[in-house]
Amino acid sequence: MKDLIKMAVVLTFISALAGFLLAVTYRVTKEPIAAAKQAEKLEALKKVLPEYDNDPATTVCVVEEAGRSWTFYVARRQGVFVGAAFESASGQGYSGTIRILAGVRQDNQVQGIEILEQAETPGLGAKIAETNFTYQFRGRPLAGTRWAVDKDGGDIDAITGATISPRAVAAALKDGIAVYTQHVDRIAATGK
């Protein structure tokens with residue numbers, strides 16, 4: 001009985017120490033991780049937006065649509081609206097949620113997309129983050145483009161052997177574009 005109590009005390013101490021160390025590690029790394037994610041987003045904004053001279057990270061328009069909050073990062077050049085970027089996500093990826101950042105120009109064409117988060121299979125679905133896949137979105141008109149993979153009758157070329165991941169990207173983009181087109185006047189007026 002004495003050994004059992006001794007073991008329980010030792011195990012409790014080790015568990016408490018491990019919990020304390022995890023809490024300290026979380027506090028120490030929380031801010032650097034947040035800063036790294038913000039820097040990643042700023043870099044992605046540069047890639048998906050047309051040339052701008054304002055700070056789209058602080059010129060934002062928040063739209064509530066279907067119970068979801070959408071943030072649009074507004075780009076301006078010499079005070080004139082040149083485009084906006086938005087984050088969108090689809091939980092229909094092969095390995096979970098895929099988050100994208102998409103940029104739209106004022107002429108209602110896609111400027112570009114970046115994959116912000118994905119856990120797809122390396123060598124297959126993870127190819128959605130490669131330029132061979134993402135570049136096909138550049139210059140596509142918002143209206144008239146069928147935002148689905150070719151296998152589903154759309155205009156987006158899927159990746160051989162990995163249709164699910166491109167399908168999720170197309171769905172995320174389609175959702176974001178629908179919200180953008182419904183609120184484009186409000187978005188374009190942000191930051192005037």
Side-chain angles (χ1 to χ4, degrees), residues 36-57 59-61 70-77 80-184 187-188:
K37 283 187 176 190
Q38 182 66 14
E40 180 182 311
K41 184 183 287 184
L42 292 174
E43 191 59 35
L45 283 171
K46 290 178 187 175
K47 292 178 182 177
V48 303
L49 285 171
E51 197 171 320
Y52 55 85
D53 58 15
N54 70 322
D55 182 7
T59 310
V60 297
C61 177
W70 293 81
T71 301
F72 291 88
Y73 303 92
V74 179
R76 296 190 163 285
R77 185 163 174 83
V80 177
F81 175 74
V82 293
F86 58 87
E87 285 185 55
S88 187
S90 172
Q92 300 170 359
Y94 184 76
S95 297
T97 301
I98 296 174
R99 281 184 41 245
I100 67 167
L101 181 72
V104 178
R105 299 191 309 244
Q106 86 284 358
D107 63 357
N108 290 321
Q109 291 186 15
V110 174
Q111 174 70 18
I113 71 163
E114 284 289 310
I115 306 299
L116 296 178
E117 178 184 317
Q118 57 90 10
E120 302 302 282
T121 306
L124 287 173
K127 289 183 178 182
I128 59 172
E130 296 177 4
T131 55
N132 289 344
F133 177 73
T134 60
Y135 193 77
Q136 70 176 306
F137 294 93
R138 292 182 68 95
R140 288 196 184 265
L142 303 186
T145 299
R146 293 171 299 181
W147 298 108
V149 294
D150 48 6
K151 187 175 185 178
D152 298 334
D155 295 327
I156 307 304
D157 293 331
I159 297 168
T160 303
T163 305
I164 295 172
S165 306
R167 188 178 280 148
V169 171
L173 185 57
K174 181 180 180 179
D175 291 347
I177 287 171
V179 176
Y180 173 82
T181 55
Q182 288 176 352
H183 300 278
V184 66
I187 296 165

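Owing to the predicted nature of the structure, the values given are computational and were not obtained by experimental measurement.
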Any idea which heavy atoms bring Val74 and Ile187 closest together, and the distance?
-> CG2-O, 3.5 Å
Is there a donor-acceptor pair under 3.5 Å between the side chain of Thr163 and the backbone N or O of Ala158?
-> no
Evaluate the criterion side chain to side chain contact (heavy atoms under 4.5 Å, CB included) for residue pair Tyr73 and Lys41; output intermediate values, then yes/no.
-> CA-CA 11 Å; Tyr73 303 92; Lys41 184 183 287 184; 3.1 Å; yes
If you round to the nearest 0.5 Å, how far is CD of Glu40 from CG of Leu116?
-> 6.5 Å
Who pairs with Phe72 by ring-ring contact (aromatic ring centres under 6.0 Å, His included), at least two apart in sequence or on another chain?
-> Phe86
Taken in chain and number order and not counting sequence neighbours, the residues that satisfy side-chain hydrogen bond (donor to acceptor under 3.5 Å, both in side chains) with Gln109 are Arg105
Could you pull out the closest heavy-atom pair between Ala57 and Leu42, with the gap in Å?
-> CB-CD2, 3.4 Å
Would you confirm whether Arg140, through its side chain, and Asp155, through its main-chain N or O, come within 3.5 Å as a donor-acceptor pair?
-> yes
With a 4.5 Å limit on heavy-atom distance, are the side chains of Asn132 and Lys127 in contact?
-> no
Leu49 CG to Leu101 CG distance, which is reported to the nearest 0.5 Å | 7.0 Å
When rounded to the nearest 0.5 Å, the distance separating NZ of Lys47 from CD1 of Ile113 is 12.5 Å
What pairs of donor and acceptor atoms, side-chain ones from residues 168-182 against any protein atom, are under 3.5 angstrom apart with sequence neighbours left out?
unit_1 : atom_1 : unit_2 : atom_2 : d
Thr181 : OG1    : Ile177 : O      : 3.0
Thr181 : OG1    : Ala178 : O      : 3.1

Any Gln111 side-chain heavy atom under 4.5 Å of Val48 side chain | no
Measure the shortest side-chain to side-chain distance between Arg167 and Lys151 over non-hydrogen atoms and say whether it is less than 4.5 angstrom.
-> yes
Counterpart residues, side-chain hydrogen bond (donor to acceptor under 3.5 Å, both in side chains), relative to Arg138 (two or more places apart) | none
Determine whether Gln136 and Ile156 make a side-chain contact, defined as any pair of heavy atoms from C-beta on separated by less than 4.5 Å.
-> yes
Atom of Ile164, atom of Gly93 and distance for their closest heavy-atom approach = CG2-C, 3.9 Å
Please name all residues satisfying ring-ring contact (aromatic ring centres under 6.0 Å, His included) with Phe133, sequence neighbours left out, ordered by chain then number.
-> Phe137
Give a yes or no answer on whether the side chain of Glu120 reaches the backbone of Tyr94 with a donor-acceptor pair at less than 3.5 Å.
-> yes
Can you tell me if Arg76 uses its side chain to pair, donor with acceptor, with the backbone of Ala188 under 3.5 Å?
-> yes
What's the spacing between Leu45 CG and Glu114 CD if we round to 0.5 Å?
-> 10.0 Å
Sorted by chain and number, sequence neighbours left out, side-chain hydrogen bond (donor to acceptor under 3.5 Å, both in side chains) with Glu51 holds for Arg77
Taking all heavy atoms of Ile128 and all of Ile98, pick out the closest pair and write down the distance.
-> CD1-CD1, 3.7 Å
Looking only at heavy atoms, the pair that brings Pro56 and Asn54 closest together is CD-O, 3.3 Å
Heavy-atom check, side chain of Tyr52 versus side chain of Lys46, under 4.5 Å = yes
In this structure, CD1 of Ile159 is separated from CG of Leu124 (nearest 0.5 Å) by 8.5 Å
State, to 0.1 Å, how close Ser165 and Gly125 come at their nearest heavy-atom pair, and which atoms those are.
-> OG-CA, 3.4 Å
